[in-house]
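A short worksheet on the structure shown next.
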Amino acid sequence: MKFFVPSSFGKNADAVKFKPTAQNDTSGSSGKVKKNKKKKNKPKTKNEIQGKGPLAPPMPMESDDDETMTAKLQQKQLKATPALVEAAKESLIEDAEEKQSTSAGATGGLTAFEAKLKEQLMGGRFRFLNEQLYTMNSKKAEQLFKSDPEAFKAYHDGYRHQVEKWPLNPLNRIIKMVKKLPKSLEIGDFGCGEGMLAKSVPHKVYSMDLVSCRDDIISCDMANTPLNTHALDVAVYCLSLMGTNLKDYLLEANRVLKMDGLMFVAEIQSRFDNVKDFVRKLDSFGFQLINQDVGQKVFYFFQFKKVRNVGKVANVPALQLKPCLYRKR
């Protein structure tokens, strides 16, 4: 800023320059705003750090959440004493046992994964044994179960699991048919499995299978049973015409049945290529068809009557049904 001397001082007067002085801008006009310098924090004294000196912050006002905050602070400050650690371990163990028992309750003591794995293993062994029984003769099947006694149990465990998936159990229909017969008739259950027919009817039943799982079940080859000739009034084959020597089974049935004796057959529908051919061949074995139900989607039912004796060495045609084989997984 320049100041000029008035003309009365003379023309030769020189202008004098003054250094500007700082003034506050109260009018809000434009100009450079002086920046406030940051104050440096002075280092706190020992008393101030410990909250004992005059600079200690005032205590906050009490509020409604003071008790809650105090409790939380006390919980954070709890020391992990041995007693607390032990109590925490016991609580975790109890929670784990409760979760395990809950998940295992619906599966008989097994977890869901273990139950599924067990089911897959059981199903796999059943399919293997089932294929073996359909593709070998009864004598070899008998040797198979004698060499591995657990195989028979595994087979029937898998069989029970399969029955649960069927729309109906053919044995239940056989049981109803037998119950309508006079109680004085004697019955042979060929391939009885666990002998459910004998448990379900009031008749005298000779239960026979390759392996005996009960004292009243006869262990034998169905092609050669210990029954006397002409001893039975009824012969039952419920899903038991398995193997490659069906001819021997039916010749044995002709031997042990009385004249006019009945034979009930229940088999899987998919095993038949030609039902009429099956019925015609059984006539060669001395059996006449009385009744049949081939309208079912899964099972066929037949009722035959023995009309003549043919003997064990009769010249009869070969008889086969398709084996039940499962897809390879």
Side-chain angles (χ1 to χ4, degrees), residues 133 137-146 149 152-153 155-156 159-160 163 169-243 245-267 282 285-288 290-291 299 301-314 319:
L133 295 176
N137 61 43
S138 57
K139 187 172 291 185
K140 289 184 178 180
E142 185 179 19
Q143 294 172 355
L144 169 66
F145 286 128
K146 284 184 176 180
F152 186 81
K153 182 180 182 303
Y155 175 80
H156 283 284
Y159 176 82
R160 283 194 303 272
V163 170
N169 186 346
L171 181 59
N172 292 336
R173 182 163 177 177
I174 295 290
I175 290 172
K176 290 181 179 179
M177 295 168 66
V178 171
K179 284 183 176 180
K180 295 178 181 179
L181 301 175
K183 296 179 181 179
S184 59
L185 300 185
E186 296 188 2
I187 300 167
D189 187 4
F190 293 78
C192 68
E194 296 174 313
M196 292 305 299
L197 177 61
K199 290 182 176 181
S200 306
V201 298
H203 303 74
K204 171 63 178 178
V205 177
Y206 296 92
S207 302
M208 295 166 285
D209 212 320
L210 294 170
V211 176
S212 173
C213 60
R214 285 204 322 258
D215 293 339
D216 60 332
I217 295 177
I218 302 170
S219 175
C220 65
D221 181 352
M222 291 191 302
N224 295 285
T225 69
L227 299 179
N228 295 328
T229 301
H230 305 159
L232 298 179
D233 298 291
V234 181
V236 174
Y237 291 88
C238 184
L239 305 184
S240 57
L241 290 179
M242 306 173 72
N245 59 323
L246 302 185
K247 178 183 76 171
D248 299 332
Y249 298 173
L250 296 174
L251 288 176
E252 179 67 2
N254 183 278
R255 181 186 74 83
V256 299
L257 275 174
K258 299 175 182 178
M259 191 62 66
D260 296 329
L262 301 177
M263 182 173 69
F264 296 148
V265 176
E267 268 302 334
L282 258 68
F285 289 84
F287 297 103
Q288 179 184 342
I290 296 176
N291 193 15
F299 304 105
F301 297 88
F302 303 90
Q303 183 176 349
F304 296 93
K305 181 174 71 173
K306 176 182 173 179
V307 293
R308 66 181 182 277
N309 295 316
V310 297
K312 289 283 288 185
V313 292
L319 180 66

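It should be emphasised that the depicted structure is a prediction, and the values quoted were computed from it without experimental measurement. We number each residue from 1, following the sequence as shown.
Here the NE2 atom belonging to H230 is positioned 3.5 Å from the NZ atom belonging to K306, to the nearest 0.5 angstrom. Annotation: the span from L210 atom CG to K140 atom NZ amounts to 14.5 Å, rounded to 0.5 Å. For the atom pair CD1 (I218) and CE (M208), the distance works out to 6.0 Å, reported to the nearest 0.5 Å. For the atom pair CD1 (I187) and CG (L181), the distance works out to 6.5 Å, reported to the nearest 0.5 Å. Interatomic distance, R173 CZ to F264 CZ, rounded to the nearest 0.5 Å: 11.0 Å. To the nearest 0.5 Å, atoms CG (L185) and CG (L262) are separated by 8.0 Å.
Put simply, the side chain of F287 reaches to within 4.5 Å of the side chain of M263, judged on heavy atoms. Looking at K312 and N224, their side chains come closer than 4.5 Å, going by heavy atoms from C-beta outward. Put simply, the side chain of N169 does not reach to within 4.5 Å of the side chain of F299, judged on heavy atoms. Side-chain contact check for I175 versus V201: some heavy-atom pair is nearer than 4.5 Å.
By the neighbour-count criterion of 12 heavy atoms within 6.0 Å, atom NZ of K153 is sparsely surrounded, having that number or fewer from other residues, nucleotides or ligands.
Here the closest heavy-atom approach between residue G311 and residue L251 is recorded as O-CD2, 3.6 Å. Residues C192 and D209 come closest through the heavy atom pair N-OD2, 3.4 Å. Of all heavy-atom pairs between C220 and T225, the closest is SG-CG2, 4.1 Å. The heavy-atom pair separating Y237 from A253 by the smallest distance is OH-CB, 3.3 Å. Taking every heavy atom of both residues into account, L239 and P170 meet most closely at CD1-CG, 3.7 Å. The minimum heavy-atom distance linking G243 with Y249 is given by the pair CA-OH, 4.5 Å.
Side chain of E267 to main chain of F301: no donor-acceptor pair is present (N/O by atom type, distance under 3.5 Å, no hydrogens or angles). Remark: the backbone N or O of R308 is paired with a side-chain donor or acceptor of N254 at under 3.5 angstrom. The backbone N or O of K247 sits nowhere less than 3.5 Å from a side-chain atom of N245 that would complete a donor-acceptor pair.
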Assess the residue pair F302 and I290 against the criterion (side-chain contact (heavy atoms from CB on, under 4.5 Å)); give the C-alpha distance rounded to whole Å, side-chain angles, the decisive distance to 0.1 Å, and a yes or no. CA-CA 8 Å; F302 303 90; I290 296 176; over 6 Å; no
Test side-chain contact (heavy atoms from CB on, under 4.5 Å) applied to M259 and N309, step by step: CA-CA 8 Å; M259 191 62 66; N309 295 316; 3.7 Å; yes
Please report the C-alpha distance between V211 and K146 in whole Å, then the side-chain angles of each, then the deciding distance to 0.1 Å, and finally whether the side-chain contact (heavy atoms from CB on, under 4.5 Å) criterion is met. CA-CA 8 Å; V211 176; K146 284 184 176 180; over 6 Å; no
Check against side-chain contact (heavy atoms from CB on, under 4.5 Å), Y206 and L232: CA-CA 9 Å; Y206 296 92; L232 298 179; 3.6 Å; yes
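A salt bridge between E252 and R255 is present, with a side-chain N of the basic residue lying under 4.0 Å from a carboxylate O of the acidic one.
Aromatic ring orientation, Y159 versus H156: perpendicular (interplanar angle above 60°, classes split at 30° and 60°).
Contacts classified as salt bridge (Lys or Arg N to Asp or Glu O under 4.0 Å) and involving residues 185-207 (residues at least two apart or in different chains) are given here: R160-E194.
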